[in-house]
Structures are given as C-alpha cells and as structure tokens.
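Following: one structure in structure tokens, then a few remarks.
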Amino acid sequence: MSTVSSKSLDESVQFLKGVGLARADLLAKLEIRTVGDLIFHFPRSYDDLTNVQSIDRIEAGVLQTVQGEVVEIEGKELPDGRRITQVVIADSKGKCVAGIWFNSLMIVGKVHYGQKVAFSGKPKWYRDYWQMTHPRVQVLEGDEAKLEVVPVYPLTEGLRPEHLRAAIRSALEKAAQDVSENLPTPTRVKREYPPVAEALWQVHFPEVLPQGVHARRRFIYEEFLILQVALAARRRSVRDRQLAPKLVTSPAIDQHIRRLYPFALTADQDRAVASIVKDLASDRPMQRLLQADVGAGKTAVAVYALLVAVANKHQAILMAPTEVLAQQHWQTFEQYLAKSRVRRALLTGSLSPKERERTLNGIKSGDIDLVIGTQALIQDDVEFAKLGLVVIDEQHRFGVNQRARVKKLGVDPHYLVMTATPIPRTIALSVFGDLDTSTIKQLPPGRQRVLTRWHAETQRERVYQRFQDEMKKGRQAFIVCPLVEESETLDLTAATEQCEILSTGPFKDFRVGLLHGRLSDDEKQRVMNEFRDRQLDLLVTTVVIEVGVDVPNATLMIVEHADRFGLSQLHQLRGRVTRGSVAGECYLFAGIATEEARQRLRAICRTSDGFALAEEDARLRGLGEFFGTRQHGLGDLRFGDLLHDFDLLEMARHDAIEIVGADAGLKQPEHAALRHAVLARYGTTLDLAAIG
Ligand code: ADP
Ligand code: MG
C-alpha cells in the first residue's frame with residue numbers, strides 16, 4: 001500500500017459527500033471513523049428483491065417481490081389518530097397487492113397512478129386480498145425492470161439505511177481503488193475472485209445475489225490466507241533455519257523403553273510413537289501435536305519420546321499447566337522409571353529457594369536428564385546443558401505464545417505438544433496449522449465408557465443413596481461445584497458450603513475432603529494425596545480436577561450446576577472417572593438451564609466421543625468461547641467463521657503452503673502486499689521475525 005493511497009482510506013468519514021458531522025457521530029457508534037472503516041463495513045445479509053413472484057403465486061410470511069401498476073392511492077385517519085396510507089398495485093391479470101404505511105407520507109410523493117412499481121415485503125392475507133406492511137418500493141422505469149439486491153447492514157439508531165448506503169457509495173468512489181490488493185494475481189485468478197476494488201463494489205452493490213456472496217467470500221478467503229501464510233511461514237522458518245539434535249531410536253532403545261510399561265501400547269499409540277521416532281531422528285525440529293481423548297494414553301506416548309531423548313544423552317522436559325498436574329506426572333514417571341537410572345527432577349513453583357537453586361544447577365551442568373515441572377521451567381533463569389526435547393501437556397492452556405518463549409532458550413529442541421481437549425479438525429488446521437498431528441482415538445483395552453445421566457432435583461436422594469452404597473464397597477467419588485464461595489448474584493452452590501452440608505448430612509459416615517483453587521499448592525497436593533491414598537472417600541471440588549488427575553479407584557461423580565460448564569469441560573471432568581476397570585458413573589444436576597445449555601447436557605449424555613463433542617461445543621458456543629478469550633493468541637477473525645467457512649479455510653491453507661513453498665520469504669514483488677498484510681497482522685503474535 002503506498003503512502004498516498006493509505007491516506008485516502010485513513011481520512012475521516014466526516015468529509016465524505018453527504019456525511020457531515022452529525023452522521024459521522026452516528027457512524028462512530030458503529031466503530032466507523034475512517035473511509036476505510038466504511039468500505040469494510042460489510043452487510044450482514046442481503047434482501048434479494050430481484051426474485052420476482054407473480055401475485056397469484058405469492059406465499060404468506062416470506063420476503064418476496066411483486067410487480068404491478070399503481071391502481072389506487074388512498075389516505076385516511078384511523079379512530080386512534082394514526083394516519084394510514086394504502087397503495088394498491090395490480091398485475092396484468094388484475095391480481096392486487098396492497099402496500100400499507102402507518103404515519104408515513106413518504107410514499108405519497110414517490111408514486112403516482114399508472115406507474116409501474118415493485119413491492120418487496122412479507123405478504124399476509126387480509127380479509128380478501130394480499131397486504132404488505134411498509135414494503136420496500138422500487139419504481140420501475142419503462143419495461144426494463146431494474147430490481148435491486150439490497151444489502152442489510154448493522155445499523156444504529158438514527159442512521160437510515162439509505163444514508164449509510166450513500167456514504168458507502170461515496171467512500172467507494174473516493175477510495176476503493178486505493179485498497180491494497182493482498183491476493184497475488186495467480187492465486188486470485190485461480191480462485192476466480194475479482195480484483196479487490198471490484199470485489200468491494202460487488203459486496204456493497206451486487207447486481208445479483210450470487211455476485212455479492214462471491215465477492216464477500218473473497219474477503220473471508222483473504223483473511224484465512226493471511227493467517228495460513230503466517231502459519232506456513234513460521235513452520236518453514238522453524239523447519240529450515242533451526243537445527244535440532246538427531247535423536248535416534250535403536251532396536252535396543254525401543255526394547256528397553258517398552259519393558260518399562262506394564263502393558264502393551266495400543267495400535268494408535270504405536271502409530272503415534274512411530275511418527276515421533278521418525279521426527280526425532282531428523283535434524284529438523286519436530287513440531288507435533290498429539291491429541292487424544294481423555295485417558296487414551298498420551299502420557300504413555302510422551303514417556304517414550306522423553307526416554308528416547310535421554311537415551312541419546314540429551315535432556316528432556318515435560319511441562320504441565322498446573323502444580324497438581326506436574327506432581328501427577330511426576331508420580332506417573334516414578335512408576336514407569338522405578339527400575340531405571342534416569343536422573344530426574346521435579347521443578348515447580350513450590351520448591352524452596354535452596355532446592356530450586358540445586359535443581360537449576362543440576363539442569364545447567366547436565367547432571368539431570370529429565371525435568372518435569374510447570375511454567376517455572378520456562379522462566380529466564382533456567383539454562384539447559386543439552387536440551388533435546390520439550391513436551392508440553394495441555395497445549396490449549398498455554399497458547400501459541402508459550403511455544404515462542406520456550407524457543408528462546410537458545411537451543412532448538414524438538415517439540416511435542418499434547419492436548420486432552422480434542423481439537424476439532426477446523427481448529428487444528430487454523431490455529432495449529434503449523435503442527436503435524438497424531439491422534440489417538442482408541443482407548444486402552446478394558447476401558448469402559450462413563451454412564452452419564454442428567455437428573456432432576458427429585459432424583460438427588462437416589463443418587464446419594466447409590467454413592468453411599470458404592471462407597472461402602474470401597475469406591476471413591478467426586479462432587480464438582482462451579483465456584484468456591486457463595487456468590488450473591490449467581491446463587492451457585494459453593495464447594496465450601498456444599499462440603500459442609502454433605503459431610504454433616506448424607507455423607508456423615510464417610511471421609512469427605514475439599515479441594516478448591518484458593519488453597520495453596522501444598523494444601524492442594526496434600527488433599528490430592530489423601531484422596532489417592534484412599535484416606536478420603538469423597539472429594540468435593542471445584543474444577544481444579546479438570547485435567548489429568550488420575551485416581552483409578554474414583555469411579556463416581558456428581559457435577560452440580562452442570563449447565564455452567566462447557567461441553568469439553570464436562571467431558572474432561574467425567575474423564576476423571578474412566579481410569580479404573582469399573583465403568584464410571586457421572587450424574588449431572590442443573591438448575592434452570594437455557595436452551596443452549598440443555599443441548600449441551602443432552603449431547604454429553606448421548607455421546608462419549610470427545611472429538612464429536614468438541615465440534616459440537618465449538619458449534620454451540622462459537623470459537624472464541626471455545627478457546628476462552630483470545631487464548632489461542634491469534635485474535636479474532638473479522639470476516640470468516642472457522643466452522644461455517646471451512647471450505648475456504650482449506651482452500652486458503654492449500655494456497656498458503658504453495659505460496660510459501662515457492663517463496664518462503666515472500667520476497668517476490670507479487671507477494672509484497674501479502675507479506676505486508678501478514679506481518680501487520682501476525683508478525684508479533686507468531687514471532688515472524690524470520691520473514692520480517
Ligand atoms: P492421557 O495422558 O491421555 O490422559 P495416560 O497416558 O495418562 O492418558 O493413560 C491413562 C491411563 O491408562 C493410565 O492409567 C495408563 O497407565 C493407562 N494406559 C495407557 N496406555 C495403556 C495401554 N496401552 N494399555 C493399558 N493401559 C494403558
Ligand atoms: Mg494425562
């Protein structure tokens with residue numbers, strides 16, 4: 001974009017023909033301040049008034065356009081003082097439609113007897129003829145019917161659509177030519193999109209509906225292309241410019257590692273291991289996403305990868321999102337590695353300064369091979385002697401930026417990113433498009449699906465009774481509550497209060513513990529240990545237990561206010577009671593739920609496939625919610641919707657790989673505008689210095 005041209009787009013709308021101060025103020029309420037804002041204020045939809053219906057075929061309640069000659073114009077006052085104007089048109093067969101206006105004289109000056117006009121609106125049958133209230137009127141000159149596709153814009157009070165359209169027209173006349181063409185010509189031609197200025201005109205003033213829709217898709221595609229080029233460029237720069245150590249798996253190493261498992265890996269796990277083994281043996285850093293449904297055995301696969309690194313005399317780290325999870329992983333490793341000489345350390349925020357220093361020194365000198373820990377690991381003062389592999393558990397809690405931070409450790413390790421929230425293919429492609437993926441779908445043998453029931457309050461006693469019976473037989477249970485303390489506004493059952501009531505009431509003969517986010521990490525760990533060691537029968541908890549906590553003997557769960565949880569979250573939660581060989585049971589209680597919440601609760605009871613649920617979740621809540629506020633670090637998309645426009649996303653990804661494959665640095669002149677757009681949007685977020 002040249003300086004001169006961007007200037008016209010940056011100009012205030014106030015100076016546009018027909019805008020002025022007052023309308024500029026109204027436009028500002030829609031976040032429209034510059035000519036460029038106005039040009040990119042796209043219609044929400046279109047009213048297609050070109051779709052003409054003959055009067056004897058019209059249907060009630062559907063937007064349609066009819067044509068005829070004005071045969072009657074009549075105004076009268078109603079008893080309640082309202083003024084009503086009626087204009088009747090008739091077609092060549094004499095069939096009539098009446099347009100009705102209340103308190104509006106506009107129509108009177110607009111039409112006259114004998115004129116050919118079109119009405120667009122939703123007809124209703126009134127007594128013995130068709131009526132449209134406040135139809136849109138188009139005057140047709142001669143026989144050349146010039147009917148319109150009318151864009152429907154987001155508006156604000158006091159701003160009339162025709163004024164907005166006029167302002168957009170002036171903006172386009174003034175500056176459409178100055179909007180930068182970000183699509184390289186060959187790509188644009190291949191996808192049959194019009195040049196940018198033409199496309200902008202077509203979005204706002206399409207001649208026929210498909211033209212407007214197609215032009216709009218161009219901008220969605222463009223937005224996706226910019227994202228996908230950014231991801232492809234990052235992937236390229238990581239792959240091509242960084243050198244990772246070759247970590248080779250010999251048959252001896254393979255046998256040695258497999259002997260540590262008390263089970264055989266499933267076919268899916270073996271496939272994931274095979275991909276990882278291949279990646280690690282290359283000097284290009286592995287960038288792999290390992291996704292699996294809860295409890296499907298990711299950690300077991302990660303153990304394999306970490307031990308390959310250690311066997312190759314390199315250090316390996318496993319990062320967990322929370323202390324509780326880091327501890328949990330540590331205990332898992334203690335089991336796997338009981339008979340191994342791997343020198344290992346747990347690095348968390350709760351180490352004393354002394355212990356911390358000793359651990360850091362061990363990592364720096366290379367005396368420690370394997371480190372498990374939380375974010376503490378990636379703080380600046382951690383130096384590794386010879387880092388070969390980084391495994392990140394629960395990627396969605398870190399976001400893409402976290403990866404960039406680890407990268408700055410000054411080495412080029414291999415990366416394995418694990419997620420227990422199965423990522424819908426759409427999101428995997430768009431947000432993690434620069435990662436290879438391995439998916440474990442199969443659950444370990446003998447694992448049973450969780451019986452999930454959504455119960456009315458009246459069933460509570462029966463559910464408690466069942467818990468009491470089962471707990472007497474030695475099973476353990478969770479009761480999950482959404483908040484820690486009673487909130488006046490939300491009226492949620494607080495975990496603390498709930499715990500009090502339960503431990504003195506229905507479960508007074510059992511040992512009840514409480515786990516919530518306000519406890520210190522030490523206290524949390526103590527409660528978890530008690531529960532794991534069966535010193536507690538029942539754990540009342542907030543969502544602290546959401547991820548990864550693994551107590552096979554706990555097979556019962558109640559979720560209170562289940563309507564407050566997202567689908568993926570509920571699925572994660574019930575995953576806690578699938579760890580044992582006994583089928584888990586999960587009971588959901590919900591107050592008055594919205595229709596959307598009801599859909600969620602029905603879906604979770606119906607489906608046990610985490611991938612299907614994740615798609616459903618993203619569909620129900622929208623992607624922003626699905627990820628939490630901008631958690632993925634890529635910001636919001638302006639035009640596109642990842643789920644709805646998935647075909648465009650795939651097209652864009654395909655083209656992006658082609659473009660970056662031919663011109664990694666986007667140095668060719670025809671890629672200059674695209675490069676500029678990519679850096680402006682994602683340069684910082686994705687650390688794209690390599691192409692900057
Ligand atoms: P994830 O990390 O995906 O939640 P884990 O690796 O922690 O899953 O495995 C969940 C449970 O299943 C653990 O108790 C683990 O010992 C067990 N497990 C993992 N893989 C297998 C397997 N192939 N056969 C039997 N049990 C397995
Ligand atoms: Mg796990």
Side-chain angles (χ1 to χ4, degrees), residues 254 257-276 288-308 316 318-322 324-340 370 372 391-398 416-423 437-450 476 478 528 531-534 544-555 557 568-584 608-611 613-614:
D254 178 71
I257 297 175
R258 283 177 194 269
R259 265 205 299 273
L260 299 174
Y261 297 113
F263 45 72
L265 295 182
T266 63
D268 278 357
Q269 284 173 318
D270 267 331
R271 242 190 309 279
V273 163
S275 306
I276 290 168
R288 184 167 290 276
L289 177 70
L290 175 61
Q291 51 173 349
D293 211 341
V294 212
K298 291 180 298 297
T299 310
V301 171
V303 166
Y304 192 106
L306 291 161
L307 293 178
V308 169
L318 170 62
M319 299 199 309
T322 64
V324 168
L325 268 177
Q327 288 277 358
Q328 169 102 29
H329 279 313
W330 177 251
Q331 278 148 14
T332 305
F333 275 77
E334 287 300 288
Q335 285 162 20
Y336 284 126
L337 300 181
K339 293 192 215 91
S340 122
L370 177 64
I372 294 173
V391 177
I392 305 176
D393 193 11
E394 315 294 353
Q395 161 73 23
H396 69 289
R397 309 203 143 222
F398 283 90
L416 179 65
V417 179
M418 306 197 285
T419 176
T421 299
I423 299 173
T437 49
S438 291
T439 303
I440 306 176
K441 286 216 151 173
Q442 210 171 25
L443 294 178
R447 196 67 60 73
Q448 316 202 27
R449 74 178 219 94
V450 187
Q476 288 167 285
F478 294 106
M528 274 315 297
F531 189 62
R532 195 198 53 225
D533 300 341
R534 302 200 189 185
V544 185
I545 62 149
E546 182 189 341
V547 266
V549 172
D550 203 351
V551 180
N553 191 52
T555 52
M557 175 176 284
S568 298
Q569 214 179 4
L570 285 172
H571 185 63
Q572 289 283 316
L573 281 171
R574 73 173 165 184
R576 300 308 113 221
V577 291
T578 53
R579 296 309 168 109
S581 49
V582 183
S608 56
D609 176 352
F611 288 86
L613 285 172

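As the structure lists them, so they are numbered: ligands from 1, and atoms in each ligand from 1. Everything numeric here is computed off the predicted structure, so don't read it as measured data.
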Using a 4.0 Å cut-off to any heavy atom of Ala264, which atoms of ligand 1 qualify? 22 (C), 23 (N), 24 (N)
Picking from Leu306, Val417, Ile372, what satisfies side-chain contact (heavy atoms from CB on, under 4.5 Å) with Val391? Leu306
Sub-4.0 Å heavy-atom approach of Ala296 to ligand 1: yes
With atoms numbered from 1 as shown, which atoms in ligand 1 lie under 4.0 angstrom from a non-hydrogen atom of Leu265? 23 (N)
With only distance considered, is Ala300 within less than 3.5 Å of ligand 1 through an N or O on each side? yes
Min N/O separation Gly297 to ligand 1 under 3.5 Å: yes
Which atom of Lys298 lies closest to which atom of Thr419, heavy atoms considered: CD-O, 3.5 Å
How long is the straight-line distance from CD of Gln291 back to CD1 of Ile440, given to the nearest 0.5 Å? 10.0 Å
Minimum-distance pair of heavy atoms, taken over all atoms of Phe531 and Gln476: O-NE2, 2.7 Å
Please name the pair of heavy atoms, one in Ala296 and one in Gln269, separated by the smallest distance, quoted to 0.1 Å. O-NE2, 3.7 Å
From the candidates Val303, Thr266, Thr299, the one that places a heavy atom nearest atom 7 (O) of ligand 1: Thr299
Counterpart residues, side chain to side chain contact (heavy atoms under 4.5 Å, CB included), relative to Gln327 (two or more places apart): Gln331, Leu346, Gln525
Is the contact between Gln269 and ligand 1 made by the side chain, the backbone, both, or neither, using heavy atoms and a 4.0 Å cut-off? side chain
